[in-house]
Each structure stands twice: as C-alpha cells, then as structure tokens.
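Each residue takes its place number in the sequence, starting with 1.
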Amino acid sequence: MIRTPLAALLLATVAFGVGAPLGARLGAQTVAPAPVAPSPAAPPAAAAAAAPAPEDANPVLARVNGDEIRLDEVIASASEAMPPELRSVPPHLLRSMLPPQVFEQLVDRAITDRAMVQAARAAQLDQDPEVRRRLQLAENAELRDTLLRREVLPRVTDETLRARYERDAAGRPAEEEVRARHILVPNEADARAILAEIQRGASFEEVARRRSTDPAARNGGDLGFFRRRDMVPEFATAAFAMQPGQVSTNPVRSQFGWHVIKVEERRSSRGPSFEDSKDTLRQTMIEEEVQAAVQRIRTGARIERVDAPAPAAAPAPAVQAEPPAPASPGRTQPRR
C-alpha cells in the first residue's frame with residue numbers, strides 16, 4: 001500500500017489541474033537526482049520495479065471520441081508529485097500501489113485533458129501563430145533540459161559527492177566544539193536558586209526539564225555540539241572556558257535571560273558529517289556541472305553575434321516660441 005503522504009500529493013495534483021512539465025527543470029534549484037537502480041536491500045517498491053511486466057502492461061483505460069488513453073499517460077500526469085524513487089517504477093506496478101480513488105481521479109483528469117485538447121485542435125488553435133511559437137519554446141526548453149540531465153546527473157553520484165566532501169573537509173581547519181546543557185530563567189535570583197539546588201546534588205537534567213524556559217528543556221537542556229560563533233558572546237565565553245562535567249560557578253546573563261550552564265563534551269571538528277552535508281553538496285555540484293556543461297556546449301558551437309541596428313532616434317520635439325509677454329499696464333513702450 002502506498003504511503004499516505006504520496007496519496008495526498010497525488011490528490012493535490014488532481015485538484016489543481018495540470019502541473020509543471022514532466023521532468024524537473026535543470027537549473028540553480030530545480031534538478032532532481034537521478035533514479036537509483038534497486039539493490040538487494042532496496043525497498044519493496046524499488047524491488048518490484050525489476051519484476052517482469054505482464055503481457056498487457058499498458059492497457060487502454062478510456063477512449064475520447066475514439067482516441068485511446070493508456071495507462072502510461074495517466075501515470076505520467078502524476079509523476080511530478082511522486083518521490084524520485086517511485087518515478088522509475090513501471091506504470092503497471094505503480095498502478096497497484098495507488099489507492100483506487102486516487103487512480104480513478106487521475107484517469108478522469110486524463111479524460112478531461114484529452115477532450116480539451118481535441119476541442120482546441122478542432123478550433124485549429126494548433127495552427128495559431130502565437131500558440132505554435134509557445135509550443136516551439138516549450139519543445140526547445142524540454143530538449144535543453146533533457147540534454148543537461150544526461151550531461152550532468154551521471155557525474156553527480158554518491159562516489160563523486162563523497163570524494164568532494166573529503167577533499168573539502170581536508171582543507172578545512174579543525175574547529176573546537178562544545179556540547180553543553182543550560183537552564184534559562186528570566187532573573188538572577190531564580191538562576192542562583194537553581195545553581196544552589198544543583199550544587200546540593202540535584203540532577204541538572206531534571207532541574208532543566210522542570211524549571212528552564214528554553215525549548216531545550218524537554219531534552220534536559222541539551223544544546224548538542226556548537227561552535228563558539230554559534231552562540232551569543234556571553235554564553236560562548238562561559239561555555240568554552242569550562243571542562244566536561246563542570247557547571248558554571250555563577251549564572252551567565254545574556255539578552256535572553258540568565259543561564260546556568262553545564263559542559264558535557266569538547267571536541268575538534270572539521271564541520272558537519274557527510275550525511276548532513278550531502279543534500280547541500282549535491283545541489284552545489286549540480287550547479288557547477290550545469291555551468292561546465294553549458295560552457296562545453298557553447299565552446300563547441302560556431303557562434304556569430306550580429307549587432308542589431310540601433311533604433312532610429314526619435315525626432316526632437318518641436319519647440320514653439322512663446323509669444324512676447326504683453327506690456328505691463330502703465331509701462332512706457334519703447335519708441336519705434
């Protein structure tokens with residue numbers, strides 16, 4: 001059975017009509033990752049994609065004025081709403097994964113689309129010069145995007161991403177990080193009372209859950225690892241001056257209130273892990289590969305720039321001479 005979020009996406013696709021063109025537009029922020037071939041540990045949907053297709057894997061589902069609508073067309077209309085790992089699943093298998101009500105709405109939308117296209121052709125809109133111009137632009141864009149996908153996506157694999165990560169990590173200097181907990185309260189008196197309670201043996205985590213006003217209270221005040229620049233100066237100065245296991249001897253005041261701090265660990269780090277960096281790194285490499293592919297293709301083309309003629313200068317507006325001002329009353333006119 002398909003997961004509920006995908007069903008919701010497909011229903012939204014149906015509700016809002018025709019979406020973006022099939023296939024993600026290659027650009028700064030819109031490149032979809034290449035489909036991954038199923039491995040022995042692949043999820044059931046991906047493993048099912050390798051199963052042989054039945055004899056009638058692409059049946060006719062409807063006819064509009066005798067024009068057939070087949071399964072692959074219905075499934076393709078919803079591909080933008082699907083997770084990338086499902087886009088490579090054959091239509092006959094994907095149909096079995098869709099809730100019946102979603103599939104019926106997709107078929108109904110395909111029927112509506114086909115009827116509208118037939119009506120547009122009957123009205124000879126496909127011969128309209130402006131429509132033909134827009135169709136040509138859409139075809140050009142699809143050709144461009146498909147070429148870039150084939151040029152770029154094979155170059156951005158897990159292996160190339162990891163190699164890039166290791167290269168970048170090796171060039172970064174190690175940076176000190178601290179893992180600390182804190183208890184945040186609005187005034188100094190409360191902070192000192194909490195500090196005294198902890199000094200008498202109370203659990204820092206338990207007191208944090210009970211008295212801290214910070215969202216980290218639910219985790220016993222745990223802030224995880226952070227760098228000095230990640231925190232406000234007053235907090236960072238106190239935390240980085242402490243050793244693991246130490247609790248601040250005095251409350252620390254910042255713009256957020258009063259803190260009681262406990263340092264849990266210290267370490268040197270060269271930045272986020274590969275898994276944490278992977279998505280951002282993939283986008284960066286795709287952008288770089290797109291630019292490199294564009295440059296390669298332009299270099300191989302014979303390009304001639306033609307200077308368009310400058311627009312004719314607009315004639316200067318005629319300046320009409322103003323008539324002489326009438327003489328002021330009582331003023332003597334000059335003799336002729």
Would you give the length of the straight line joining atom CD1 of Ile69 to atom CG of Leu61, rounded to the nearest 0.5 angstrom?
-> 8.0 Å
Do Val252 and Val178 belong to the same hydrophobic cluster, where Ile, Leu, Val, Met, Phe, Trp and Tyr are linked whenever their side-chain heavy atoms lie under 4.5 Å apart, directly or via other members?
-> yes
Roughly how far, to the nearest 0.5 Å, is CZ of Arg150 from CG of Asp145?
-> 12.5 Å
Test item: Asn250 and Arg192 side chains (from C-beta on) under 4.5 Å apart, heavy atoms | yes
Value for CZ (Arg266) from CZ (Phe225), rounded to nearest 0.5 Å, stands at 11.0 Å
Looking only at heavy atoms, what is the nearest atom pair of Thr213 and Pro186, with distance?
-> CG2-CD, 4.5 Å
Hey, is the main chain of Ser277 close enough, under 3.5 Å, to the side chain of Thr280 for a donor-acceptor pair?
-> no
Taking Ser254 for its side chain and Glu234 for its backbone only, find out whether a donor-acceptor pair lies under 3.5 Å.
-> no
Do Ser273 and Glu275 meet the criterion of a side-chain donor-acceptor pair at a distance under 3.5 Å?
-> no
So, Arg164 and Asp168, do they make that salt bridge, N to O below 4.0 Å?
-> yes
Among the clusters formed by ILVMFWY side chains lying less than 4.5 Å apart, do Ile194 and Trp258 turn up in the same one?
-> yes
hydrophobic_cluster_shared for Val294 and Val152, side chain cutoff 4.5 Å | yes
Apply side chain to side chain contact (heavy atoms under 4.5 Å, CB included) to Lys278 and Asp158, showing your working.
-> CA-CA 9 Å; Lys278 189 175 180 180; Asp158 282 351; 3.2 Å; yes
What are the two closest non-hydrogen atoms of Phe226 and Phe235, and how far apart are they?
-> CZ-CE2, 3.9 Å
At their closest point, which heavy atom of Val263 faces which heavy atom of Ala239, and how far apart are they?
-> CG2-O, 3.5 Å
Here the pair of heavy atoms bringing Asp126 nearest to Val131 is CA-CG1, 4.5 Å
Answer yes or no: does atom CZ of Arg218 have more than 12 heavy-atom neighbours from other residues, nucleotides or ligands under 6.0 Å?
-> no
Output yes when Glu68 and Arg70 qualify as a salt bridge under the 4.0 Å nitrogen-oxygen rule, no when they do not.
-> yes
To the nearest 0.5 angstrom, please state how far the OG atom of Ser203 sits from the CZ atom of Arg210.
-> 9.5 Å
Residue Arg172 excluded, over 12 heavy atoms near CZ under 6.0 Å | yes
Asp72 with Arg95: basic N within carboxylate O range, under 4.0 Å | no
Report the residue from Asp113, Val117, Ile111 that forms a side-chain contact (heavy atoms from CB on, under 4.5 Å) with Val64.
-> Ile111
On the ring face of Phe204, is Arg181 found with NZ or CZ under 6.0 Å from the centre and within 45° of the axis?
-> no
Determine, stepwise, if the pair Gln124 / Asp128 fulfils side-chain hydrogen bond (donor to acceptor under 3.5 Å, both in side chains).
-> CA-CA 7 Å; Gln124 296 188 330; Asp128 181 274; over 6 Å; no
Test side-chain hydrogen bond (donor to acceptor under 3.5 Å, both in side chains) applied to Thr146 and Glu142, step by step | CA-CA 6 Å; Thr146 300; Glu142 185 60 36; 3.3 Å; yes
Under a 4.0 Å N-O cut-off, is there an ion pair linking Glu130 with Arg134?
-> yes
Co-members of the apolar cluster containing Met116 [side chain, <4.5 Å] | none
Test item: Arg144 and Asn140 side chains (from C-beta on) under 4.5 Å apart, heavy atoms = no
Stepwise side chain to side chain contact (heavy atoms under 4.5 Å, CB included) check, Met231 with Leu223 | CA-CA 11 Å; Met231 298 295 180; Leu223 297 171; 4.1 Å; yes
What are the two closest non-hydrogen atoms of Ala191 and Val260, and how far apart are they?
-> O-CG2, 3.6 Å
State, to 0.1 Å, how close Gln243 and Gln246 come at their nearest heavy-atom pair, and which atoms those are.
-> N-OE1, 2.8 Å
Does one hydrophobic cluster hold both Leu125 and Leu135, with members joined at side-chain heavy-atom distances below 4.5 Å?
-> no
CA sep, side-chain torsions, deciding dist, call: Leu161, Met285, side chain to side chain contact (heavy atoms under 4.5 Å, CB included) | CA-CA 8 Å; Leu161 287 171; Met285 288 189 66; 3.4 Å; yes
Arg296 atom CZ, neighbour heavy-atom count above 12 within 6.0 Å = yes
Crowding at CZ, Arg228 (>12 non-hydrogen neighbours, <6.0 Å) | yes
Ignoring hydrogens and geometry, is there a side-chain-to-backbone donor-acceptor pair from Ser212 to Leu184 under 3.5 Å?
-> yes
Roughly how far, to the nearest 0.5 Å, is the CG atom of Leu71 from the NE2 atom of His92?
-> 9.0 Å
For the residue pair Ser77 and Glu73, confirm or rule out a side-chain donor-acceptor distance under 3.5 Å.
-> no
Taking only Lys NZ, Arg NE, NH1 and NH2, and the carboxylate oxygens of Asp or Glu, determine whether Arg179 and Glu177 approach each other closer than 4.0 Å.
-> no
Do Thr112 and Arg109 meet the criterion of a side-chain donor-acceptor pair at a distance under 3.5 Å?
-> no
Say whether, by atom type as modelled, one donor and one acceptor occur between the side chain of Asp190 and the main chain of Asn187 under 3.5 angstrom.
-> no
If two hydrophobic side chains count as joined below 4.5 Å and joins carry through other members, does Met242 share a cluster with Leu195?
-> no
Are His259 and Ser248 close enough, and set up right, to give a side-chain hydrogen bond (donor to acceptor under 3.5 Å, both in side chains), and what steps lead you there?
-> CA-CA 9 Å; His259 308 261; Ser248 52; over 6 Å; no
Residues Gln283 and Asp279: side-chain donor-acceptor under 3.5 angstrom | no
Indicate yes or no: at least one non-hydrogen side-chain atom of Leu98 is less than 4.5 angstrom from one of Ile75.
-> yes
Interatomic spacing from CG in Leu148 to CD in Gln291 - rounded to 0.5 Å = 9.5 Å
